[in-house]
Amino acid sequence: MNRVYNFSAGPACLPEEVLREAQEEMLDYKGCGMSVMEMSHRSKVFEEIIHEAEQDLRDLMGIPDHYKVLFLQGGASQQFAMIPMNLMKNRVADYIVTGQWAKKAWQEAQKYGKANKIASSEDRTFSYIPDCQDLPISEDADYVYICENNTIYGTKFKTLPNTKGKTLVADVSSCFLSEPVDVEKYGLIYGGVQKNIGPAGMVIVIIREDLIREDVLPGTPTMLTYKTHADAKSLYNTPNCYCIYMCGKVFKWLKRNGGLAAMKEKNEKKAAILYDFLDSSSLFHGTVEKKDRSLMNVPFVTGDKELDAKFVKEAEEAGFVNLKGHRSVGGMRASIYNAMPIEGVEALVAFMKKFEEENQPC
Ligand SMILES: *Cc1c(COP(=O)(O)O)cnc(C)c1O
């Protein structure tokens, strides 16, 4: 067996310890004679799995009792529609567009009401986070929407926008559980789990109870109504059972390793190794404004497309995979989520140094 260092933006690497546990339990989960993949979602055993997963997530994030935790299907992208369908009471919402994912959410919301783009960083290829302390928030906005960590561009909101009292909705797909969070600052937090938590195919929604309503937009399908899933504790229909089980294992791994405060410290350490090198390198450089740098997704370039391609190819041969930047921006991107060990980042930087020496401009 030869495991590589996987810098994919998602689906992404998972803690090896967790994969091994799942392997051990594959054929016989805790003496019940079957795999979690084979069991009824209504069984006692599975009920315990989903209940514990929710409780562990609540412990990790300090989620208050007046927030519901939902394990839903359709990925993060389905939330682009589900949010306006459920929350657009006045049919008005304000969007801060800091990347492709926020832009998609903003475009989707336009199907349901007036979705205002109140700030954007598209003028400079989404390489920064705009100042959001005094934005023209709409008087009747049902919510203000952000994508907190921009996976493709590698920027992150270091301070949340001033929503002037309006409900904040955040897509945290690529920074979920990467650091402590004050849940009460948000009305709704959601993220696809395949970036920083588990396998693909599920989204976790953390929603304040007063936002779970019956009077959703006309025509909203039962399956796309938060109330359906909140009332049924995410078991209205068959959920993504195996994914919930794997996420639960990652939550326990996070708890064993000191929780989100410890994760933040480790993530800052990892990111600093890479950013410090980028700032001193004669060949590679980062592409976003320093103050807005993400701890999770680190894009960089050499400035020469051919050299970028050569780097990606040689890195792959050396066991550093999925370093190619998103197809919309090019260059390279190292995603260094919770499960990426410090040694992985150190080894990558050592490889980059070697590449730099071998590829000096003549
Ligand atoms: C990956 C990603 C998405 C899309 O996730 P899907 O689960 O594929 O729909 C949305 N938002 C952000 C910030 C992402 O990183």
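Both ligands and their constituent atoms are indexed starting at 1 by order of listing.
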Show me the side-chain donor-acceptor pairs of residues 73-84 shorter than 3.5 Å, one per line, residues at least two apart or across chains.
| residue | atom | partner | partner atom | Å |
| --- | --- | --- | --- | --- |
| Gln73 | NE2 | Thr238 | O | 3.0 |
| Gln79 | OE1 | Tyr226 | OH | 2.5 |

Determine all donor-acceptor pairs shorter than 3.5 Å in which one atom belongs to a side chain in residues 338-350; sequence neighbours excluded.
| residue | atom | partner | partner atom | Å |
| --- | --- | --- | --- | --- |
| Asn338 | OD1 | Asn267 | ND2 | 2.9 |
| Asn338 | ND2 | Leu177 | O | 2.9 |

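Shortest non-hydrogen contact noted between Gln360 and Ser282 is NE2-OG, 3.5 Å.
Using a 4.0 Å cut-off between charged side-chain N and carboxylate O, Asp56 and Lys255 make a salt bridge.
The side chain to side chain contact (heavy atoms under 4.5 Å, CB included) test applied to Glu316 returns Val321, not counting sequence neighbours.
Counting only N and O atoms by type, the side chains of Asn116 and Lys114 include a donor and acceptor under 3.5 Å apart.
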Quick check for students: name every N or O atom pair between ligand 1 and the protein closer than 3.5 Å, with distances.
| residue | atom | partner | partner atom | Å |
| --- | --- | --- | --- | --- |
| ligand 1 | 7 (O) | Ala76 | N | 3.0 |
| ligand 1 | 7 (O) | Gln194 | NE2 | 2.9 |
| ligand 1 | 8 (O) | Gln194 | NE2 | 3.4 |
| ligand 1 | 9 (O) | Ala76 | N | 3.2 |
| ligand 1 | 9 (O) | Ser77 | N | 2.8 |
| ligand 1 | 9 (O) | Ser77 | OG | 2.6 |
| ligand 1 | 11 (N) | Asp171 | OD2 | 2.6 |
| ligand 1 | 15 (O) | Thr151 | OG1 | 2.4 |
| ligand 1 | 15 (O) | Lys195 | NZ | 2.5 |

